[in-house]
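To start, the structure under review is shown below, and the notes come after it.
As the structure is a computational prediction, the values presented were derived from the model and not from experiment.
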Amino acid sequence: KPYAHTFISSYDSSSPISSYPIKDIYFQSARRRDEIKSIIFLGGSQGAVAINNLALELAPVLNEKGIKIIHQAGERNIQKVQEEYIHLGIEADVFGFSDKLAEYIAKADFAVARAGASTLWELSANGLPALYIPYPYAASDHQYYNAKFLVDQNLAWLIRESELDSSKVLEILDQDISKISAKLIDSVNPNGAKEIAKLIALLELYGDFKVICVPPTTNALGVSLICDLDSEIESPTVGYNMDGDFVLSSVGDGNLDIPA
C-alpha cells in the first residue's frame, strides 16, 4: 500500500471503490432468508477439520430441528465424514470440490465458513447469513479482520477456532436472520468488477502506468503462461475440473485422472 498510486480495498474507507468483484450467479440466486431450514458448512475444497468436527457435533441437534445439512468436507475427508453421518443415522449432502458451489450456497439458509475474502463476499451477495471461523494461520490474521468487518456492522457472526463451542453456535442459529439477510443483499454492489476495471483503464489511459491482468485463479495463470489460449471455442476443448470434450480431473470423475 505505501508504494501504490491507487489502493482498492473493500475494507478500507479511503478506497475509491469499496466493491468486490463477485460472479453474477451469486446475485442472480440471491434471496432473503427468513428461517433456517438448511445449513451449509464450508471448509473449502481441501476441507477444514475444525468445521468438519463442528458439523458432526451439531448434526444430531440439527436433525432433530429438521434442518438439512450441506457439507463441503474436502476431497481427502469425504469418505470419513460420510461414514460419520451414516453412523449417526443422519442424511447429509457431503462433497469436496464442486463447480456447482454457487448452487449449494443458494439452497442454504445459513453458512458456517472460513473467512477468505471471496467466500465472505459471495455469501453476502447471495444474502446468506453466516458464522465465520477464520483460518487461524492466515497471513496477518486477515481472515479474522475480513469477518470482523461484517460483524462490526451486525451483518455476521464470528468465533475463533480456538473458542469454538457448539452451544454458542446453537444460540446463534436461534437468532433472527431475516433482517441480516436483507441487509447483506443491499450492502453489496453487483458492479464491483466493472468499477475496478474502469478505474484501472483510466489509470492506464491518463497515467504513466502499465496494466498487468492476473487471471482469477493460479491454475488459469499457469495455463495462460504455457498455452496459446483461444478467445472463442472453435474446436474440441479440454477441461480441468470443468466441462469439456475431454476432462482432466483431480477428483476422479474425468476422462483422465491426475493429481491436483
Working for side-chain contact (heavy atoms from CB on, under 4.5 Å), residues Leu42 and Val112: CA-CA 6 Å; Leu42 294 169; Val112 176; over 6 Å; no
Dump the intermediate steps for side-chain contact (heavy atoms from CB on, under 4.5 Å) on Asp109 and Arg31, then the final yes or no. CA-CA 9 Å; Asp109 300 308; Arg31 61 184 176 87; 2.9 Å; yes
Test log, rule side-chain contact (heavy atoms from CB on, under 4.5 Å), inputs Trp157 and Leu173: CA-CA 10 Å; Trp157 292 269; Leu173 297 181; over 6 Å; no
For Ile8 and Ile196, run side-chain contact (heavy atoms from CB on, under 4.5 Å): C-alpha distance rounded to whole Å, both residues' side-chain angles, the deciding distance at 0.1 Å, then the answer. CA-CA 8 Å; Ile8 301 173; Ile196 294 171; 4.1 Å; yes
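Between the side chain of Thr119 and the backbone N or O of Ala115, no donor-acceptor pair lies under 3.5 Å. Panel note: side chain Ser38, backbone Phe110; no donor-acceptor pair is recorded below 3.5 Å. Listed for the Ser15 side chain is a donor-acceptor partner under 3.5 Å among the backbone atoms of Ser9.
Salt bridge status for Asp176 with Arg33: absent, with no side-chain N to carboxylate O gap under 4.0 Å. Salt-bridge annotation for Arg160 and Asp141: present, with a side-chain N of the basic residue lying under 4.0 Å from a carboxylate O of the acidic one. Salt-bridge annotation for Asp174 and Lys65: present, with a side-chain N of the basic residue lying under 4.0 Å from a carboxylate O of the acidic one.
Here the side chains of Ile133 and Ile51 are in contact, with some heavy-atom distance below 4.5 Å. Residues Ile22 and Phe27 meet the side-chain proximity criterion, which asks for heavy atoms closer than 4.5 Å. Between Ser18 and Ser10, the closest side-chain pair of non-hydrogen atoms is not below 4.5 Å. With a 4.5 Å cut-off on side-chain heavy atoms, Leu128 and Ser181 do not count as touching.
Side chain to side chain, Asn126 and Ser29 meet the donor-acceptor criterion of an N or O pair below 3.5 Å. Of the N and O atoms on the side chains of Asp165 and Ser167, at least one donor lies less than 3.5 Å from an acceptor on the other residue. A donor-acceptor contact closer than 3.5 angstrom is absent between the side chains of Arg114 and Asn146.
For Asn53, the side-chain contact (heavy atoms from CB on, under 4.5 Å) partners at least two apart in sequence or on another chain are Val49.
Ring orientation note: the planes of Trp121 and Tyr11 are tilted relative to one another, at an angle of 30° to 60°.
By the rule that hydrophobic residues join a cluster once side-chain heavy atoms approach within less than 4.5 Å of another member, Ile78 and Ile86 end up as members of separate clusters. A continuous path of hydrophobic side-chain contacts links Leu120 to Ile177 [ILVMFWY only; heavy atoms under 4.5 Å].
Taking CD1 of Ile39 as the reference point, atom CG of Leu58 lies at 7.0 Å (rounded to 0.5 Å).
Counting only residues at least two apart or on different chains, the ring pair (Phe, Tyr, Trp, His ring centres under 6.0 Å) pairs with a member in residues 55-85 are Phe41-His71, His71-Tyr85.
Checked against the 6.0 Å centroid threshold, Phe95 and Tyr104 count as a close aromatic pair.
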